[in-house]
Structure formats: C-alpha cells, structure tokens
Amino acid sequence: MKNKIIIYQIFTRLFGNRNTSRIENGTIAENGCGKMNDFDAKTLKQIKGLGVTHVWYTGVIRHATQTDYTKYGIPRNHPAIVKGKAGSPYAITDYYDIDPDLAVDVDNRMAEFEQLLSRTHSAGMKVIIDFVPNHVARQYHSICKPEGVKDLGEEDNCRNGFDPQNNFYYCPGCSFSPYFDLYKGEPDPYLENPAKATGNDHFGPCPGVNEWYETIKLNYGVDYYAGKVGHFDPIPNTWQKMLDILLFWVSKGIDGFRCDMAEMVPAAFWGWATAKVKEQYPEIVFIGEVYNPAEYRNYIANGFDLLYDKVGMYDTMRAVTCGFSNASSISNAWQSTDDIRDNMLYFLENHDEQRVASDFFAGDGNKGVPALVASVLMQQNPFMLYAGQEYGERGMDKEGFSGADGRTTIFDYWSVDTLCRSAWGTLTESETSLYETYKKVLKIANKEKAVTEGLFFDLMYVNAHLDRQYVFLRKHENELLLIAVNFEDRPVCIGVNIPAHAFDYLAIPEKKYTSTDLMTSKRKTYELTKDGSLALSLESRGAAVIKIKL
C-alpha cells in the first residue's frame, strides 16, 4: 500500500527542553536547551503514533550563536552579527558540523546525531534535515570539513565584486557598515573588509536591521551586478562545494533535505546537483522552499520532489479559516497546481508562519480542524505539521529577539509550553481533544486507500450554496469517502449535492448504503442517487468523513 507522506517538523533545540524559566533574552544556562538525546525510543514511538512518516529535525547543522564553545575548539561568534542569544539555524557556520547546543557531550556531537538518525529509523520514520544553500553566517569557518576540502571563500579574489569562481560577492573598497551597533557589548567591533553581500540579495555594505544582516550571500555564478547573468560553464566553484556537502550528509544515512530559500539559488544548479546526488542515492527527497508559483514547474523539472504550497493552498486555507474568503476558493487553489499536485506540500504551520492558535491567526487551534481535514484528505500529496500544532500551541511568548509575534522562536533559548505539558500529562481537555483529532485524521490519511491511492472529486461546483463548508469525494475500488468540513463557529445542517458526473467518473452504483463516519464512528444509512442530495450535520469547526462500502 502506498503511504501518504506526513512530515513532522521539529525545532530540535526546543522540543525536549523542559526548563520553564523562560527568561526573555535568556542564556542557555538560564533557559536550557533541548538535546538530540531527548528523542528516546518512547518519544519517537509517540511521534510515529501520530501518523508521522518523516521527521524534519530543524537546526541540527552548526550555526552562529552567542554561546561560547571555544573550550571545545569551536570559534566564537561576534554578538553584533548573531540574531538572538541562540542564533538563527539559517546562519550556518560549518556545513560539516552538528550544532553543539544539541549535544550532551559536545565533543561527540556528530556521534549523537548518528545515534538519533539510527533511533529514528528504528522507530519506522525517515529523517529530513535542512540544507541552507543561499547564504551562510558572516563568520563562516569550517573546523570539521573533510581533509582536502577548501573552506568557502578561502580562495576567493575579493578584489572583484563578482567572479564566477568566487564563493561570495564583495563590495571592494567598502567596509561592512550596517545601520546598527557593531560592538554589542564587546570591546572591539565586528570588522569585515571588504564587505560581503548580504543573504537577502543586498549587494551593498550597509544592510538594515530588518534584513538578513547576519548572513552572506553565496555565489553560484550569477552576476547580479550585470543584471543576473549566469556564468555556469565552467562549473562554478560553489556548485562543487555544495554538492560535496549534500553527499556528505546523504552518506550519513539521512533521507531528505528541506532546502531553505531554494528559489534564491539558480535552478540550473539544482538540476545539476540533484541529478548527481540521486545517481548515487535515488531515494533521497529534495523539498524546496519556493514561493513564486511561476517557478514551481521549473524547480520540479530541476530535481525537486516537493515544494511548499504556501502562495496558494496555505494562504487560501488561512483566509478561509479566518473568514476572509469563501470555502470555494479552496477549489481554485488546488486547480492552479493540479498538474503537479503530487509535488505540492500542504501545511498550516511551520517555523516561519504564525501558529494557528495565535492571536494573529485563528486564536484557537480547534478552529484549524476544518483546514486540517481538507488539507490532509483532499489529495494524495504530502502534509507537514509543526511540533506543538497538534496541541494548539499559541506561540504568543515574548522570547527575546523574536518578540510576541505569534511564532515559536527560532532565535532564542526557550521551552514550548504545550510540549512541556504534554510530557507531564497536564494538557487541558481541549488540547487533548485536539491532539486526538490530529491523530485520527492523520491515521485516516494513511489507513484509507481512498486517500493514499484514490480518485478525488471536488463537489463545490454543484454546491454553490455552501460559503463556509467544503465538500469532496475520494474513491478507491469499492470504498467511497464523502468528506465535509465546516469553517463556521456554529453547528450546521447542510444539503450536499452529488452530480451524475461523479457517479459516472467514480463508478458509484445508485442504491442505499450503510455508512460510518470515521471521525465519530456513528453509522447512518444514505441513499445515493444521481443529482441527488444528502443531508449532513456538522459540528462547529467540525468535519465528517463518511465511509461507504459500495
């Protein structure tokens, strides 16, 4: 039986931390930090039991931090170019190293990662890690690179703003001069001369405080100074270095990469690199963070297996959940990518987006249930959830660099309230109920062949009277699912029209059937007739998954 990919994103630094000091801008000593060893067999079994097939361990590669690890031979980072006390996991300081924050024994941090990899595989799940190809930390320096490997920038000609064989872009004759304090409590300022281009495609020496000032842009042979002209023959030096990094991690046994800001790296590189990786490891999965729908098919053609469906399904589900759009707009969202539907990764949360339960989104995790059911059961494509989402984590803490923005911090040392209380058995009744709903929906997704392998039929075109409900069919062999979700804050009774075309397309015999609602286990008899209508009762922000054996 084909499995539906369910990715569970875990911010590794936060997941196992049970320190509840939660001091704003607190150090690792004050607020604690989760470890790779927190993922023991029991914890991984629980994650697997949620219906998860892949775990994305976010932030495991060593990145810039204000924590001092010099006693372990790890270079110290200047605090002026680190966001937050813990630092961003997307400001990589050594592509070949594991972040020391995550290790119980810092000197054996790679061994601890390899053990985590082994435990996760033993629990029956695959492992995804980040690959951050567009930028690195300003003080990038690898101390763990294999023998014979040259460091990024080591052989650059920094007198040239652009050179196709340089690893970085430069501002010759200009020092790094951002619009903020370069001392940040240190006796000496951070110095960089000549200044390097900043990761968010800022090619001057003076990035602003709201830019990715802590990072430097990698050069893949694209001359931005001349209007983004590509110089790909001979192969740019950066291409080979990044391929070597990909192969290094794949050789450890990981199963896939979530590629950060993939569309800021030329598609030509991805086509070249993914082909070389898959030649040796054909099962490896590449997940791309691409936000421009016009580029989706280009990046899929160049080796990506999955792409974020953010500017489409996510934005639509959020708008419908919050009452800014009618449920029929979901049909438009899936239709826009129907030719590449198996490549689109649906989600309602990740580390970049605001929590469903935050004050900035729905204010209550239970209000996200209709979007969850529709997103997970509508097509065969994968779904991703973010640790804590299943409990209705609100993300409303003011952690430090992040502030109270409705997101769970990626910059600060912190612990996640619902993850702590889940471990202690002190979740509220509402949180426990939401968890059980997630578990039920995700298990339906992988248990029912109508979802994993079946046909999909959108019913909205014959149900124009439904503004706040979304209805569709799934069918495999003699099993039919009628799925309806209610985005309203009140119970409703609706009539669902099923056109003759659905009967013909799905080969549904007209007759009476006894059905079971997989959400409630309630049984009911329905008569299915061409162009007929079924009456359904839906709870406030509820869903029905009606299973009929034909």
Using side-chain heavy atoms (C-beta onward) and a distance below 4.5 Å, is Tyr391 in contact with Leu419? yes

Got a salt bridge between Lys449 and Glu479, using NZ or NE/NH1/NH2 to carboxylate O under 4.0 Å? no

Between Tyr296 and Asn343: side-chain donor-acceptor atoms closer than 3.5 Å: no

Examine the side chains of Gln335 and Asp338 and answer whether a donor and an acceptor come within less than 3.5 Å of each other. no

Are Thr408 and Arg355 close enough that a side-chain donor and a side-chain acceptor fall under 3.5 Å? yes

Just jot down the salt bridge (Lys or Arg N to Asp or Glu O under 4.0 Å) partners of Asp260, sequence neighbours excluded, or say none. Arg258

Side chain to side chain donor-acceptor pair (under 3.5 Å): pairs with one or both residues in residues 375-385, sequence neighbours excluded: Lys2-Gln380

I would like to know whether Phe131 and Trp249 meet ring-ring contact (aromatic ring centres under 6.0 Å, His included); could you show each step before the answer? CA-CA 10 Å; Phe131 176 56; Trp249 288 106; over 10 Å; no

To the nearest 0.5 Å, tell me how far Leu481 CG sits from Leu377 CG. 7.5 Å

If only side-chain N and O atoms count, and only distance matters, is there a donor-acceptor pair under 3.5 Å linking Asp99 with His63? yes

When you compare the side chains of His135 and Asn200, does any donor N or O come within less than 3.5 Å of an acceptor on the partner? no

Taking the six-membered ring for Trp, are the ring centroids of Phe456 and Phe472 within less than 6.0 Å of each other? yes

Ile10 side chain reached by Tyr386 side chain, heavy atoms, under 4.5 Å: no

Just checking, is any N or O donor in the side chain of Tyr470 or Asp458 under 3.5 Å from an acceptor N or O on the other one? yes

Give a yes or no on this: more than 12 heavy atoms of other residues, nucleotides or ligands lie within 6.0 Å of atom CD of Glu527. yes

Lys217 side chain to Asn134 side chain, donor-acceptor N/O pair below 3.5 angstrom: yes

